[in-house]
Amino acid sequence: MNAPATTELPVVVIGAGPTGLAAAAHLLDLGIEPLVLEAGPAAGAAVREWSHVRLFSTWGEVTDPAAEKLLAPTGWTKPDPATYPSGEDWVEQYLQPLADALGERVRTGATVTGVSRTGRDRVVDADREQQPFVVHIDYADGREERVFARAVIDASGTWATPSPAGGSGLPALGEKAAADRITYRVPDLKDPVVRARYAGKRTAVIGSGASAFTALAYLADLAKSDDGAGTKGVWIVRRGISGSTFGGGEADQLPARGALGLAAKAAVDEGHADAVTGVRTEAIERADDGRLLLVGEDERRLDPVDEVIVLTGFRPDLTFLDELRLNLDERLQAPVELAPLIDPNQHSCGTVYPHGHRELSHPEQGVYLVGMKSYGRAPTFLAMTGYEQVRSVAAAIAGDLASADRVELTLPETGVCGGAGLFDAPDAQEADGGGCCAPAPQLVQLGAPATAVTAAEQAPAGGCCGS
């Protein structure tokens with residue numbers, strides 16, 4: 001079958017999350033037909049899986065202007081911009097109405113299994129840029145289809161590919177075998193079944209970003225409840241603990257994000273969690289009683305735990321893009337022009353340089369990775385970043401380079417950065433000489449944990465927060 005002329009084709013958007021739906025709204029506003037392909041059963045499928053978690057951004061920061069314009073004729077009313085939605089609120093009051101407004105342009109249960117140039121694998125040069133893209137789709141009902149596109153915007157995110165517990169980026173030995181006692185998501189402790197799983201139990205939380213803070217705060221709340229007596233968290237941190245470990249606190253320009261760090265610190269200070277530092281998990285073993293034993297790369301063995309919550313970040317799934325010519329940073333797996341602006345090994349919090357289609361482009365013209373997918377393994381993404389990305393990308397696809405290049409983005413300072421960088425470089429300083437998520441780190445005095453590991457270790461001065 002011959003593909004139609006490229007200009008007659010839609011732009012395929014992969015993923016019906018916040019950034020993907022915003023991309024579709026911007027394209028439609030410019031007179032370009034989008035086709036949104038969502039692998040999940042409904043729009044915002046990933047957000048629905050953490051619907052119990054409250055965002056640290058307000059409504060004013062998580063809705064897109066083009067989307068609001070599309071929603072206005074439907075009678076949609078924007079929620080109070082100063083309030084904080086939960087994931088459930090975001091879906092029900094914004095994402096699902098936006099998907100409904102886009103109508104049949106959004107297909108759910110549609111998994112993209114491959115993207116290429118029509119009749120050209122990644123090796124072939126001849127007339128490559130003149131060929132439309134071909135997108136292969138597997139539907140939930142077993143059907144297969146291929147569609148043609150003038151451009152492809154990959155907003156599929158990273159939710160489906162969480163990073164493992166292993167400190168080397170690979171699963172720890174025994175991690176797969178212990179899957180019945182491990183989760184890679186913040187548990188919904190309002191669900192009675194989930195609550196019973198953790199109530200009165202000793203649970204390890206691996207990670208030190210916003211998700212880990214949330215999990216620790218939830219476990220502390222459970223420990224203080226009538227049905228949660230005996231609940232204990234064991235916070236596994238790959239680096240030491242300093243003042244910047246808990247983010248910006250009251251100095252954070254996103255107050256709810258700062259409050260997460262303060263809640264995590266309170267969980268430790270109040271004795272509801274023990275902090276175990278300097279442990280990079282090498283193995284997870286099963287004790288005789290069925291509980292789990294975490295073993296560090298230095299062969300330290302921690303006391304048994306009943307459950308493990310792994311919150312070590314996410315990584316992009318690039319397998320279905322294998323026939324495209326992408327230019328990705330060797331460390332972050334982000335577009336090579338964007339990577340230096342977001343690299344947690346180097347950048348200073350809140351200083352993400354305004355970026356758009358040029359930083360997101362690849363040797364394969366017409367392909368863009370946007371949203372959380374564009375950040376690769378960097379843990380610093382905010383919704384407002386994705387909305388500005390897709391505004392610029394849509395304008396570039398429409399041929400309005402003046403608008404596409406006019407990128408404006410100001411991110412709230414403090415607490416934005418994170419990642420696993422610098423933990424092996426105690427003398428490392430920021431490249432620009434500036435600090436990161438808070439003033440110079442101060443040692444946090446914590447009670448000694450139940451294990452033999454010392455709780456307080458000095459983190460590198462000037463290093464980025466989070467791990």
Side-chain angles (χ1 to χ4, degrees), residues 15 17-19 22-23 56-57 61-62 153-159 161-163 169 207-211 244 247-248 252-254 257 312-318 326-362 367-393 407-423 425 428-438 460 462-467:
T19 306
F56 53 63
S57 296
E61 297 159 333
V62 297
I153 298 176
D154 183 358
S156 59
T158 58
W159 179 253
T161 47
S163 295
S208 59
S211 294
S244 67
D252 199 317
Q253 289 186 13
L254 290 177
R257 179 178 57 195
T312 53
F314 296 85
R315 53 188 61 182
D317 177 8
L318 302 168
L326 304 181
N327 193 10
L328 299 174
D329 179 74
E330 61 187 10
R331 292 169 296 172
L332 296 185
Q333 295 177 297
V336 71
E337 295 297 326
L338 175 61
L341 312 181
I342 61 174
D343 188 347
N345 288 291
Q346 300 177 14
H347 87 101
S348 178
C349 294
T351 58
V352 176
Y353 186 82
H355 64 277
H357 74 108
R358 295 195 184 277
E359 291 82 3
L360 298 170
S361 63
H362 295 275
V367 173
Y368 302 93
L369 276 58
V370 301
M372 193 67 214
K373 184 77 169 271
S374 73
Y375 270 44
R377 299 194 183 198
T380 58
F381 181 75
L382 294 174
M384 63 185 80
T385 302
Y387 296 155
E388 181 57 22
Q389 287 179 340
V390 296
R391 185 207 62 78
S392 173
V393 166
V407 181
E408 298 178 0
L409 175 66
T410 302
L411 293 179
E413 295 180 356
T414 308
V416 174
C417 82
L422 299 181
F423 65 83
Q429 301 291 327
E430 292 293 343
D432 61 2
C436 192
C437 300
C464 277
C465 66
S467 178

*asked:* Please determine whether side-chain contact (heavy atoms from CB on, under 4.5 Å) holds for the pair Glu61 and Leu382, giving the CA-CA distance in whole Å, both sets of side-chain angles, and the decisive distance to 0.1 Å.
replied: CA-CA 9 Å; Glu61 297 159 333; Leu382 294 174; over 6 Å; no
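With a 4.5 Å cut-off on side-chain heavy atoms, Leu328 and Leu318 count as touching. Considering only heavy atoms from C-beta on, Pro335 comes within 4.5 Å of His362 through its side chain.
Across all their heavy atoms, Lys373 and Asp317 have their closest contact at NZ-O, 3.0 Å. Here the closest heavy-atom approach between residue Val370 and residue Ala155 is recorded as CG2-CB, 3.6 Å. Here the shortest heavy-atom pairing between Glu359 and Gly356 reads OE1-N, 3.0 Å. Among all heavy-atom pairs drawn from Ser374 and Leu338, the shortest one is O-CD2, 3.6 Å. Closest approach of Pro340 to Val336, counting heavy atoms only: CD-O, 3.2 Å. A pairwise comparison of heavy atoms in Thr385 and Tyr375 identifies CG2-OH, 3.5 Å as the closest pair.
With sequence neighbours excluded, the residues satisfying side chain to side chain donor-acceptor pair (under 3.5 Å) with Glu388 are Arg391. With sequence neighbours excluded, the residues that form a side chain to side chain donor-acceptor pair (under 3.5 Å) with Ser163 are Arg315. Partners of Tyr387 according to the ring pair (Phe, Tyr, Trp, His ring centres under 6.0 Å) rule, which considers only residues two or more places apart in sequence or in another chain, do not exist here. Remark: Asn327 pairs with no residue by the side chain to side chain donor-acceptor pair (under 3.5 Å) rule, at least two apart or across chains. Listed by chain and number, the residues in a side chain to side chain contact (heavy atoms under 4.5 Å, CB included) with Thr158 are Thr161, Phe314, Pro316, Met372 (sequence neighbours excluded). Evaluation of the side chain to side chain donor-acceptor pair (under 3.5 Å) rule for Ser392 yields no partner, not counting sequence neighbours.
For the residue pair Thr19/Gln389, the side-chain donor-acceptor check at 3.5 Å is not satisfied.
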